[in-house]
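Worksheet: one structure, shown below.
Just so you know, these numbers use all the heavy atoms, side chains as well, and skip hydrogens, waters and symmetry mates.
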Amino acid sequence: MTRVRGRVAVLLLAGLVTASCSVQPSGRGVLLGSPGLDVPSSPSTSVAPPPRRLEAPTETHTGKGNATVQLSWPADVPGYLTFDCPRCDSNIFVHTDGDEFSLINAIGAYHGTVWFNAIEGRDPSRVLTITANSSWTATITDHRTLPTVTAGKPHAGKGDAVLAIPAGVTHATFQTSAKGHSAVWVQGGGTMDLPVNEIGAATVDFPVQAPTFLEVEAYDGSWTVTAS
């Protein structure tokens, strides 16, 4: 199975899109009294945004061939899509109507997990457009179903995956002997970092600010992630 994620392989050199949000004071000072009289202005006030929702019930869709799927997944909750099409033997595309347009672009049988709605402030995904030539299952879950890496112990995987990195971890090592393209994205503070972007066998060590989540894109190649 050959696999290329359009949102990574071609556009990497254009840089990463970063998103941040700031809260502006809602109060405003008002000058009172006669000219020349110093009167303190009203104190500025600010309201912190509510914590982001991180949990939602699992959502599952099944179908065969091409389909458009309306999601009930909350737009403000990060989602993790596991897509299975074990008997597909042609192109597989999973697109969304959000900023994270191309989630999956593969050829042949596919099993993998990718994230969406991962960064606040971007247009969320509410619709999946699926291109496939066989029966498929799309399962959307929150972070509670993700495998968690254990510090000091290599976590082995194959193909696309999303991993939870626990608090206390400061570094991670990605290792693969695959011949194709592999990449690792790391969430952090409203941004998305790309510490790994390789073709062929590679061993890459990179810093991590945990707790966080890490997405591996590795075609159908085998790999390990070791946290420390």
Side-chain angles (χ1 to χ4, degrees), residues 1 3-5 7-9 12 16-19 52-56 58-60 73 77-84 94 96 100 102-106 110-120 122 125 137-178 180-199 201-228:
M1 185 268 284
R3 183 182 180 288
V4 177
R5 289 282 292 277
R7 67 188 176 92
V8 174
L12 296 172
L16 300 176
V17 176
T18 60
R52 189 179 190 190
R53 295 175 59 195
L54 297 176
E55 298 178 357
T58 296
E59 179 176 337
T60 301
W73 189 260
V77 176
Y80 302 92
L81 167 67
T82 298
F83 190 81
D84 289 284
V94 179
T96 82
E100 296 158 312
S102 180
L103 299 184
I104 298 171
N105 180 357
Y110 180 85
H111 169 80
T113 300
V114 297
W115 62 36
F116 66 96
N117 294 353
I119 300 180
E120 291 184 273
R122 303 181 67 179
S125 300
T137 301
T139 305
I140 303 171
T141 62
D142 63 29
H143 68 97
R144 293 172 294 178
T145 66
L146 298 176
T148 300
V149 174
T150 301
K153 182 179 179 181
H155 183 100
K158 184 177 182 180
D160 297 334
V162 180
L163 306 177
I165 308 298
V169 169
T170 59
H171 288 81
T173 300
F174 175 80
Q175 186 171 24
T176 182
S177 58
H181 176 262
S182 58
V184 174
W185 296 87
V186 181
Q187 297 182 27
T191 66
M192 203 72 71
D193 296 325
L194 181 64
V196 178
N197 177 28
E198 302 289 337
I199 295 178
T203 299
V204 182
D205 180 75
F206 52 94
V208 175
Q209 293 184 352
T212 189
F213 300 99
L214 175 155
E215 183 183 64
V216 176
E217 298 176 357
Y219 294 93
D220 58 353
S222 298
W223 45 263
T224 61
V225 170
T226 304
S228 60

Inset, instruction - Look at the side chain of Asp193 and the backbone N and O of Pro195, then say whether any donor-acceptor pair between them is shorter than 3.5 Å. - result: no
Inset, instruction - Determine whether Asp160 and Glu215 make a side-chain contact, defined as any pair of heavy atoms from C-beta on separated by less than 4.5 Å. - result: no
Inset, instruction - Output, in order, the C-alpha distance, side-chain angles, deciding distance and verdict of side chain to side chain donor-acceptor pair (under 3.5 Å) for Thr58 and Thr141. - result: CA-CA 5 Å; Thr58 296; Thr141 62; 5.6 Å; no
Inset, instruction - Output the distance between atom CZ (Phe116) and atom CG (Leu103), rounded to the nearest 0.5 Å. - result: 7.5 Å
Legend entry - Residue pair Gly168 / Ala210: nearest heavy atoms and the distance that separates them: N-CB, 4.4 Å
Inset, instruction - Kindly indicate whether the side chain of Thr226, heavy atoms from C-beta on, has any atom under 4.5 Å from the side chain of Gln175. - result: no
Legend entry - Nearest-0.5 Å distance, CZ of residue Phe213 to OG1 of residue Thr148: 8.0 Å
Inset, instruction - State, with a plain yes or no, whether a side-chain heavy atom of Trp115 is found less than 4.5 Å away from one of Gln187. - result: yes
Legend entry - Glu100 (side chain) donor-acceptor with Asn117 (main chain) under 3.5 angstrom: yes
Inset, instruction - Check for a donor-acceptor pair, side chain of Trp185 on one end and backbone N or O of Leu214 on the other, with a separation under 3.5 Å. - result: no
Inset, instruction - Kindly compute the distance separating CD1 (Ile199) from CG (Asn197), expressed to the nearest 0.5 Å. - result: 7.5 Å
Inset, instruction - Determine the minimum heavy-atom distance between Val77 and Ala56, stating which atoms define it. - result: CG1-CB, 4.3 Å
Inset, instruction - Answer yes or no: are there more than 12 heavy-atom neighbours, outside Glu55 itself, under 6.0 Å from its atom CD? - result: yes
Inset, instruction - Report yes if the side chains of Asp142 and Trp73 come closer than 4.5 Å at any heavy-atom pair, otherwise no. - result: yes
Legend entry - Minimum-distance pair of heavy atoms, taken over all atoms of Ala218 and Gly159: CB-O, 3.9 Å
Inset, instruction - Only one of Val169, Val186, Leu163 passes side chain to side chain contact (heavy atoms under 4.5 Å, CB included) with Thr212; say which it is. - result: Val186
Legend entry - Min side-chain heavy-atom separation Thr145-Tyr80 under 4.5 Å: no
Legend entry - Distance in Å, Thr113 OG1 paired with Asp84 CG, rounded so as to fall on 0.5 Å steps: 8.0 Å
Legend entry - Closest approach of His171 to Pro207 (non-hydrogen atoms, all atoms of both residues): CD2-CA, 4.0 Å
Legend entry - Ser182 (side chain) donor-acceptor with Glu217 (main chain) under 3.5 angstrom: no
Inset, instruction - Measure the shortest side-chain to side-chain distance between Val184 and Trp223 over non-hydrogen atoms and say whether it is less than 4.5 angstrom. - result: no
Inset, instruction - Verify the neighbour count for atom CG of Leu54: are there more than 12 heavy atoms of other residues, nucleotides or ligands below 6.0 Å? - result: yes
Inset, instruction - Drop me the distance from Leu81's CG to Ile140's CD1, to the nearest 0.5 angstrom. - result: 5.5 Å
